[in-house]
Amino acid sequence: MARRKKIYEGKAKILYEGPEPGTLVQYFKDDATAFNAEKKATIEGKGVLNNRLSEFFMTGLNQIGVPTHFIRRLNMREQLVRACEIIPLEVIVRNYAAGSICKRLGLEEGMQLPRPIVEYCYKDDALGDPLVTEEHIAAFGWASQQDMDDIVSLALRVNDFMSGVMLAVGIRLVDFKIEFGRIYDGDFMRLIVADEISPDSCRLWDIKTGQKLDKDVFRRDLGDLTDAYSEVARRLGVLPKMPHGKPTLIN
Ligand SMILES: Nc1ncnc2c1ncn2[C@@H]1O[C@H](COP(=O)(O)OP(=O)(O)O)[C@@H](O)[C@H]1O
Ligand SMILES: [Mg+2]
């Protein structure tokens with residue numbers, strides 16, 4: 001393959017210059033990190049699964065008119081995406097209490113929240129991605145009020161879409177995190193869903209058993225992470241079945 005310019009290497013993905021201007025190639029690594037990268041491991045097959053799952057969710061979002069950066073999958077580990085200016089926020093939507101909100105507010109894990117709650121964290125690894133409010137976002141100019149209105153309504157649409165898709169296969173969408181970016185069509189700026197949507201960035205629990213099918217399996221040493229992600233992919237029909245019944249990941 002021709003040498004490509006590496007633009008950025010993060011914890012879970014690598015960005016390369018894309019084949020056309022305004023595009024990037026997003027490569028999904030097998031690396032897993034948790035607790036602000038204090039815990040690290042390489043988990044064989046994770047990148048392949050997340051590439052497929054992010055393709056699946058972003059394609060669905062594009063189809064219902066929620067714009068995303070996804071253009072097309074290139075191979076097992078790579079997808080072509082639109083390059084955008086990332087807004088330095090992690091936008092979190094919570095339907096049930098889990099993770100940091102339990103500690104912060106003393107909530108019992110698994111409690112249904114009165115309504116979906118949208119939170120923002122400032123994307124800065126050195127600071128541990130601290131929780132911020134719309135006041136900080138406006139004061140420091142990370143996003144305008146119009147951007148924030150768009151972000152909330154898009155995030156809630158993503159939540160409804162993802163909740164429905166998951167419910168249909170017996171999985172509860174507890175919470176998720178997404179990132180948004182700006183793209184420019186001439187003078188016109190719009191926001192799109194960027195980065196990834198995968199079990200690395202969602203909490204997914206089996207509705208019947210409560211079994212965790214997301215990155216908490218790694219965070220809390222609950223078993224084999226690729227088994228959990230494969231189960232999500234299998235239920236969604238993202239993994240074609242081989243005659244012997246085992247899922248396959250060939251292209
Ligand atoms: N379409 C895009 N255009 C530009 N940057 C993107 C796009 N999608 C994702 N990114 C950025 O690329 C990086 C993806 O790599 P990742 O391993 O998740 O990094 P990090 O360790 O910073 O979370 C993230 O910093 C994300 O904000
Ligand atoms: Mg990331």
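In each ligand, atom 1 is the first atom listed, and ligand 1 is the first ligand listed.
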(message) I'd like to know whether V91 forms a side chain to side chain contact (heavy atoms under 4.5 Å, CB included) with K177, so could you lay out the CA-CA distance, the side-chain angles of the two residues, the decisive distance to 0.1 Å, and finally the verdict.
(response) CA-CA 5 Å; V91 178; K177 167 239 135 178; over 6 Å; no
(message) Heavy atoms only: which of L89, I86, I87, I192 lies closest to atom 5 (N) of ligand 1?
(response) I86
(request) Kindly confirm or rule out an N or O of L15 lying under 3.5 angstrom from an N or O of ligand 1. (result) no
(message) Under a 3.5 Å cutoff, is there a donor and acceptor pairing between the side chains of R73 and T59?
(response) no
(request) Just jot down the ligand 1 atoms closer than 4.0 angstrom to any heavy atom of R82, in number order. (result) 1 (N), 2 (C), 3 (N)
(request) Identify whether NZ of Lys or CZ of Arg in K46 sits under 6.0 Å from the centre of the six-membered ring of Y229 and within 45° of that ring's axis. (result) no
(request) Starting at CD1 of I87, measure out to CD1 of I151 and round the result to the nearest 0.5 Å. (result) 4.0 Å
(request) Compute the minimum heavy-atom distance from E85 to ligand 1 and say whether it is under 4.0 Å. (result) no
(message) Can you report which non-hydrogen protein atom sits closest to atom 15 (O) of ligand 1, along with the distance?
(response) K13 CB, 3.6 Å
(request) Number the atoms of ligand 1 from 1 as they appear, then name those within less than 4.0 Å of a heavy atom of A83, with their elements. (result) 3 (N)
(request) May I ask you to identify the nearest protein heavy atom to atom 4 (C) of ligand 1, giving residue, atom name and distance to one decimal place in Å? (result) C84 O, 3.2 Å
(request) Distance to 0.1 Å, residue and atom name: give those for the protein heavy atom nearest to atom 20 (P) of ligand 1. (result) K11 NZ, 3.5 Å
(request) Inspect the contact between R220 and E109 and indicate whether a charged nitrogen and a carboxylate oxygen are less than 4.0 angstrom apart. (result) yes
(message) Rounded to the nearest 0.5 Å, what separates atom CG in L15 from atom CD in E9?
(response) 10.0 Å
(request) Establish, from distance only, whether the side-chain atoms of S230 and R234 form a donor-acceptor pair under 3.5 Å. (result) no
(request) Enumerate the atoms of ligand 1 whose separation from the nearest heavy atom of E179 is less than 4.0 angstrom. (result) 26 (C), 27 (O)
(message) V232 and side-chain contact (heavy atoms from CB on, under 4.5 Å): which single residue from I171, V238, L239 fits?
(response) I171
(request) May I ask you to check whether D195 has an N/O atom sitting below 3.5 Å from an N/O atom of ligand 1? (result) yes
(message) Checking T68 against N62: is there a side-chain donor and acceptor pair closer than 3.5 Å?
(response) yes
(request) Report the part of E9 in contact with ligand 1, treating N, CA, C, O as backbone and CB onward as side chain, heavy atoms under 4.0 Å; options are side chain, backbone, both, neither. (result) neither
(request) Using a 4.0 Å heavy-atom threshold (strictly under), name the region of L24 that reaches ligand 1: side chain, backbone, both or neither. (result) side chain
(request) Specify the protein heavy atom at minimum distance from atom 13 (C) of ligand 1: its residue, its atom name, and the distance to 0.1 Å. (result) Y8 CE2, 3.6 Å
